[in-house]
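Working notes for the structure below.
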Amino acid sequence: MKLLRSIASIALLLALATGCSVNPVTGSSELSLMSPEQEVAIGEQQYEPSQQSQGGRYVVDPDLNVYVNNVGQKLARVSDRPDLPYEFVVLNNNVPNAWALPGGKIAINRGLLVLLDDESELAAVLGHEIVHAAARHGAQQQTQGTLLNVGLMAAGVALATQDHQAAGLAVGALGVGAQAWQAQYGQRQELQADKYGIDYMIRAGYDPQGAVELQKTFVKLSEGQSASWMESFFASHPPSQKRVEANRQMAAQNPGGVRNRAEYQAAIAQLKKDMDAYQNYQQALKAMSEENYALARSLNNKAVKAQPKEPLFWELQGRLEAQQKDMDGAAQAFGRAISANPEFFRPYVYRGMAYKQLNKPQEAAADFQKSMNLLPTQISAYYLGEYAMENGDRQKAIQYFQMAAQGDGEIAKAAQAKLQQLQQGG
């Protein structure tokens with residue numbers, strides 16, 4: 001125990017001695033155990049899984065992604081780290097939120113875009129996220145976590161000898177990803193992102209009043225909401241009147257700039273046109289969760305009719321067809337979802353399950369493998385293990401079952417049973 005404490009103390013002292021770096025935005029000296037190159041590499045690695053786990057890219061109107069990226073790049077060029085490989089993407093997610101990974105990989109949900117009124121408000125969102133990346137806030141969060149882990153090593157030998165293999169795999173029932181990087185920033189970091197985000201807006205020619213309106217919108221949305229709703233809704237960006245007032249003071253000192261309302265409204269026109277369809281889809285999901293399948297089908301049919309290019313609507317139709325044991329119809333609906341967005345993992349998983357029911361093992365395995373290439377999941381790993389086992393590929397079966405066994409629930413238990421069977425020569 002004394003040895004572990006000594007190791008932890010030495011590690012901490014070394015970190016404090018060698019891990020200090022200058023915040024590129026504020027100029028202050030801060031502790032960081034992650035190099036700028038590591039930040040970029042991590043952002044690159046986690047960007048796609050993070051998108052996959054949160055709905056995938058919005059594909060109905062590709063021009064909207066182009067527009068948002070153009071606004072983001074305009075702000076990134078005037079940031080304190082213009083050399084980062086910035087990317088901006090619109091996610092097919094109803095929750096009003098945005099996030100940034102280390103290295104400048106940034107996403108905004110369509111659910112937030114429809115709540116904004118003009119381009120300056122969009123610039124406030126993106127400028128805020130750019131600061132999180134430019135100021136190395138993600139690296140700071142990870143450094144704090146690393147130092148915490150060093151401290152925990154002194155708690156006992158069990159932690160020091162723990163098997164960490166599971167940490168490298170992102171597996172889950174039907175959706176997991178790089179959630180750890182969407183950290184809950186501290187108040188200091190949030191206010192820092194607000195302040196310097198407004199600076200970036202001003203440098204890029206935007207009216208900083210957009211940042212005031214943005215925070216007012218967030219505060220209004222939070223009123224009357226439950227604690228659990230707030231925890232999931234704005235966990236990474238807690239709204240407050242304090243932030244509204246701070247933004248108002250900064251905006252008052254720098255009046256002027258463009259709002260570009262007409263341009264913004266034109267860019268989100270398709271989203272606004274489809275709002276009723278997405279509302280019907282959300283209600284259909286709720287009805288399905290309550291086992292009111294007739295209502296779910298009726299609502300989703302309206303959504304599909306209003307916007308047949310939306311893959312989420314076809315995916316839900318496939319799930320409803322599968323619930324009624326129409327696996328042919330389900331496979332066809334999932335195929336429509338895949339055609340609408342071939343780069344989203346979830347419809348492949350669902351169609352693979354439908355193909356299994358239709359006794360089409362090769363087609364099922366192809367879909368499960370495609371889904372795994374986009375985002376590893378527990379269920380796809382399990383079924384691929386079964387397929388490998390049935391085809392006599394024992395080694396590959398073991399690899400897939402090991403992945404599936406590292407999750408929770410019935411699938412993990414089934415995978416563990418398969419591993420035991422294989423290890424016993426079955």
Side-chain angles (χ1 to χ4, degrees), residues 24-25 34 36 38-59 62-93 95-116 119-142 177-185 189-190 192-201 203-204 206 210-211 214 218 234-237 264 267-268 343:
V25 175
M34 185 185 298
Q38 288 174 315
E39 283 184 84
V40 171
I42 287 171
E44 292 278 2
Q45 181 185 42
Q46 298 294 341
Y47 198 37
E48 186 61 34
S50 294
Q51 294 176 49
Q52 290 287 329
S53 68
Q54 296 176 63
R57 296 193 180 207
Y58 171 71
V59 296
D63 288 342
L64 181 58
N65 278 276
V66 174
Y67 171 79
V68 168
N69 185 65
N70 287 341
V71 173
Q73 296 296 346
K74 183 178 180 180
L75 291 156
R77 285 193 292 270
V78 299
S79 73
D80 293 288
R81 294 179 75 186
D83 56 329
L84 286 177
Y86 290 98
E87 291 184 57
F88 302 85
V89 66
V90 178
L91 295 186
N92 200 11
N93 193 310
V95 176
N97 204 6
W99 48 261
L101 294 178
K105 304 305 183 188
I106 292 166
I108 183 170
N109 293 353
R110 59 171 168 78
L112 178 53
L113 289 172
V114 295
L115 298 179
L116 307 181
E119 193 174 299
S120 72
E121 292 183 26
L122 173 62
V125 174
L126 300 182
H128 179 102
E129 299 302 332
I130 289 169
V131 174
H132 280 316
R136 310 192 69 202
H137 287 165
Q140 292 169 28
Q141 292 295 102
Q142 180 67 1
Q179 299 289 346
W181 279 109
Q182 292 157 48
Q184 294 187 28
Y185 296 116
Q189 292 172 322
E190 282 298 293
Q192 200 175 85
D194 285 348
K195 177 181 184 298
Y196 291 98
I198 289 177
D199 283 348
Y200 295 170
M201 290 178 67
R203 294 180 200 176
Y206 289 108
L214 174 68
F218 282 179
F234 283 127
S236 59
H237 301 89
Y264 184 78
I268 66 166
E343 299 304 316

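Only this structure's heavy atoms are used, side chains among them; waters, hydrogens and symmetry mates stay out.
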message: Counting C-beta onward and ignoring hydrogens, is there a side-chain heavy-atom pair between Leu116 and Ile268 closer than 4.5 Å?
response: no

field: Check: Leu122 and Leu113 side chains under 4.5 Å, non-hydrogen atoms
entry: yes

- line: Between Asp194 and His128, the two heavy atoms sitting closest are OD1-ND1, 2.8 Å

query: Which pair of non-hydrogen atoms, one from Leu75 and one from Ala123, has the smallest distance, and what is that distance?
result: CD1-O, 3.5 Å

Heavy-atom side-chain contact between Asn109 and Leu91 under 4.5 Å: yes

field: Rounded distance (nearest 0.5 Å) linking atom CD of Gln192 with atom NE2 of His132
entry: 9.0 Å

- prompt: Are Leu84 and Val40 close enough that some pair of their side-chain heavy atoms sits under 4.5 Å apart?
  reply: yes

field: Partners meeting side chain to side chain contact (heavy atoms under 4.5 Å, CB included) with Asn65 (sequence neighbours left out)
entry: Tyr58, Val89, Val90

- prompt: Which pairs with one or both residues in residues 45-54 pass salt bridge (charged side-chain N to carboxylate O under 4.0 Å, His left out), sequence neighbours excluded?
  reply: none

statement: salt bridge (charged side-chain N to carboxylate O under 4.0 Å, His left out) filter on Asp199, not counting sequence neighbours, yields none

- request: Give, for atom CD1 of Ile130 and atom CD1 of Ile106, the distance between the pair rounded to the nearest 0.5 Å.
  value: 5.0 Å

message: Nearest 0.5 angstrom please: Arg57 CZ to Leu64 CG, how far?
response: 12.5 Å

- line: Nearest heavy-atom approach of Asn93 to Val95 is OD1-N, 2.9 Å

message: If I compare all heavy atoms of Pro85 with all of Gly103, which pair ends up nearest, and what's the gap?
response: CD-O, 3.6 Å

- prompt: Which atoms form the tightest heavy-atom contact between Val125 and Ala98, and what is the distance?
  reply: CG1-CB, 3.7 Å

statement: Leu101 and Ser50 have their tightest heavy-atom pair at CD1-OG, 3.9 Å

message: Tell me every residue that passes side-chain hydrogen bond (donor to acceptor under 3.5 Å, both in side chains) with Glu119, counting only those two or more places apart in sequence or in another chain.
response: Tyr67, Tyr206, Asn260

message: Enumerate the salt bridge (charged side-chain N to carboxylate O under 4.0 Å, His left out) contacts for residues 99-112, please, sequence neighbours excluded, ordered by first and then second residue.
response: Glu44-Lys105, Glu87-Lys105

- request: Taking the side chain as every heavy atom from C-beta outward, state whether Glu121 and Tyr264 have any pair of such atoms under 4.5 Å apart.
  value: no

task: Please identify each residue that fulfils side chain to side chain contact (heavy atoms under 4.5 Å, CB included) with Asn69, with sequence neighbours left out.
output: Gln73, Phe88

- request: With sequence neighbours left out, write down each residue that passes side chain to side chain contact (heavy atoms under 4.5 Å, CB included) with Ala124, or none if nothing qualifies.
  value: Met201, Ala211, Leu214

message: Please enumerate all residues that pass side-chain hydrogen bond (donor to acceptor under 3.5 Å, both in side chains) together with Gln45, with sequence neighbours excluded.
response: none

field: By side-chain hydrogen bond (donor to acceptor under 3.5 Å, both in side chains) - contacts of Ser79 (at least two apart)
entry: Tyr86

